[in-house]
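Notes to accompany the following structure.
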Amino acid sequence: MAPSSESPQEGVDGESLSVFSSKKGKAFTNKRVNLVLDESNYLLWKQQILLTVRSHKLEKFLTGSIKPPSATVRDEDGQVINNEEYKDYVAQDSALASWLLSTMSASLLPQFVGADTAAQIWQTVTKFFASQSTTSVMNLHCRLRSLRKGDLGMRAYISQVKEVCDALAACGSPVSDIEKIATLLNGLPIDYKPFVAVITASREQFSLDGVVSVLVDAEMQQSTFDQFSGMAMSANVAQVANPGFNSHGNANTYPRYSGRQQGFQGGRGKGRSKFQCQLCGKNGHLVDRCWHRFDHNFAGVTAGSGSTSRGDGAVSGAGISKLRQEGVAGVYNEERASVSPMSVAEVSGEESPVTGNSVTETGACGPVQSTSRNDLSESVHVEEGASEDENEVAEDDAAIMSDSTHAAHSDEEAGGSVHLGRGSNEAEVANSDEVCPNPILLADTGVQCINRSYRFVYEVGIGTLINQTFSYSPQEEMSKVPVIDFSKQDLLQSGSPKWNSVRVQVLRALEDYGCFEASIDQLQELRRAVFGAAEELFDLPLPTKKLCVSESRFRGYMGTAPPLRLHESMSIDDAHIAGNIEQHLTNILWPQGNMSFSKTMVSFTELALRLEKTIKRMIWESFGLEKHMDELINSTNTNHHLRIIKYESPETSEPTLGVRLRAHCDMNSLTLLYQNEVDGLEIRNKDGEWIKVTPSANSFVVVIGESFSVWLNGRLSSPYHRVTMNGNKVRYSIGLFTSPKGGYLIEVPKELVDDENPLLFKPYDHDEFMAFYSTQVAQGALSVGLKAYCTV
Ligand SMILES: O=C(O)CCC(=O)C(=O)O
Ligand SMILES: [Fe+2]
């Protein structure tokens, strides 16, 4: 006979009742939080408690909004009997109350004497900290106002601001995002003025995370620029391409430009929609730029998603499954899921969380003279300081002024060894008889981590998987650009196992680094001749070299300008066209002829071109764009620009010791670089660390450019790179830079657009963009980079 309540369902809803079972209560009391409440950590404690309690649907017990059922009920005979539901209620409430007390430090416990229910305890704790807070609210506000960055690192400074804001929130005096932004900006040194101006003058308000992102990048730029004596910080502004704003207030005059503020938040990958922070769950930034990260304890919370975040930055519960579902590549573990502080884990191949289209690390460096079309077609080298001679470029300013978009994302996957099976998609792989990748691996450290191959299969859904074993070691993976062997490329047939195997590696390398080393045996045979020719060229008298001029800016000879003579280059457009090298280079420099020079450079160009085509084809195939192949190949068949660069050995007294070519992204589609034995190229990885590229004698370094990234709707990103040199040897490098041909509209293939991956970029003409870009730069405006230029 089921007892009926004396006052049936009073204040008790069925759903809540369902958790009253003592069984569940028991499970709940076992739930541990890793933080003990003391005088200093109320906010963190409260977060954890609330999330845990909510996940058990017991919040009403805390707030007191649930009323206990009647203690007695009448049975069918009208006899008063004890109400089982009441007993359950008391059991549950007591379990919660005692659990709450167990999360408090002993010094606080006396405050709770007499508080018997969860609601009473909650009230007491809230009051206690509120009353404590009132005494300190004023102090905290004063402190907030007086915070200054000073010599603190940017992250430490942001952490301080956050701490005080959190303390204020804990005292019931929350600080709005606008106030937080104002505080952050207010405490910056004068050097950051240009950035502050950009943020405050932006038509669309920056989000807090956007500001954090800008500041973190600004600091990095600052340190890059510190290496250049006498360089005005304001010069950097020109690189802060925040759509919708420029120093002349006229960036939006360009008709196709949307003016939407997406600067500082662009990024790499599939689509804005998935660009979601793993910590706070908000869209538009990833965890490394999340305001919530800036706690001492790396606290963060995904309130909306119901995941619990702990003081050590752990993300658990729903957070884990969310990360896993989305293929986030941070190292995590079921029990103690921690996202590495520096891990800007790629959420399904997201676009750069860091700088998007806005902040470049390069920095503008003074006026650019030419504004004509075709002036710049790859990374744009900008002069610092006026050079008297049109053909002379201040050496360190072969500084590159590109619409740099940096992809600071980090896939920190620890390793294991994976054997890929066959299958056309994830499901097939899973059903395959062959070994299929496991989504979770156990790394050497014993920590579970995401298996990159699994994610790869899942995301790319490639048609045929190759039986291949990949082994991962985190150290190796993050410290060295991948090397891919193309030596048998002539034997490679699209679709052959060898081809597919290389293709997989290419895609992965580009996803992870935006570049790789392509080793190709044939290159070794050309090596001596190539660098002999380069030496011969730059050894020519200056007046002879200056004979090589071009209508295009940054073509022909660009020499060094005093006082620093550390960089010169010779460039030729359309190097792939038969006879161009001989006609426009050799015959000018050596009127008497120089067959061996021509032959060497032609052979080199041919080899590079073959490789370039192979790589492009592989990329398109990886994204299922085969049917566009002819069109795509055609559109990039021209505009192969060959540049031979000489980096003079540094002089020890030289103030800019180190950086020879500033950090930049290439704006063209693909760059192939070949260097002599003197290393110097560095690539910035997803963790923001510079890693040395030490290519072998038979390797090209292949770097993806912005244009390709746009074409692929943001699927791959162009990496920052730079050249640093400290030795006493001369460095030569030769680059083949491929750009889309002018007059051709680069349009994102419809295969790359769907609900998950909305169209990010409008069709654009590369030459038109370059003309627009160089005009902007010449005007000293904030440069709108390629992605901002054609963003939807
Ligand atoms: O010399 C090198 O290795 C890099 C050159 C480069 O990045 C460029 O010219 O865009
Ligand atoms: Fe470059």
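Order of listing sets the numbers, starting from 1, for every ligand and every atom in it.
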Short version for Val703: what comes under 4.0 Å of ligand 1, heavy atoms counted, is neither

With backbone taken as N, CA, C and O and side chain as the heavy atoms from C-beta onward, which portion of Arg643 lies under 4.0 Å from ligand 1: side chain, backbone, both, or neither?
side chain

Main-chain N/O of His721 paired with Arg684 side-chain donor or acceptor, under 3.5 Å:
no

Arg643 (side chain) donor-acceptor with Leu736 (main chain) under 3.5 angstrom:
no

Which of the ligand 1 atoms, numbered from 1, are nearer than 4.0 Å to a heavy atom of Tyr647
1 (O), 2 (C), 4 (C), 5 (C)

Looking only at the side chains, is there a donor atom on one of Glu706 and Ser718 sitting less than 3.5 Å from an acceptor on the other?
no

Can you find a side-chain donor-acceptor pair between Asp666 and His664 that sits under 3.5 Å?
yes

Whether Gln675 lies under 4.0 Å from ligand 1, heavy atom:
no

Contact with ligand 1 for Arg722, non-hydrogen, under 4.0 angstrom
no

Closest to the Fe ion (ligand 2), among the N/O/S atoms of Asp666, is atom OD1

Check: of Val701, Leu661, Ile734, min heavy-atom distance to atom 6 (C) of ligand 1 comes from Leu661

Can you check the angle at the Fe ion (ligand 2) formed by NE2 of His721 and NE2 of His664? Round it to the nearest 10°.
80°

May I ask you to decide whether Arg610 forms a salt bridge with Glu606, counting only side-chain N to carboxylate O separations under 4.0 Å?
no

Less than 6.0 Å separating the ring centroids of Tyr647 and Phe538?
no

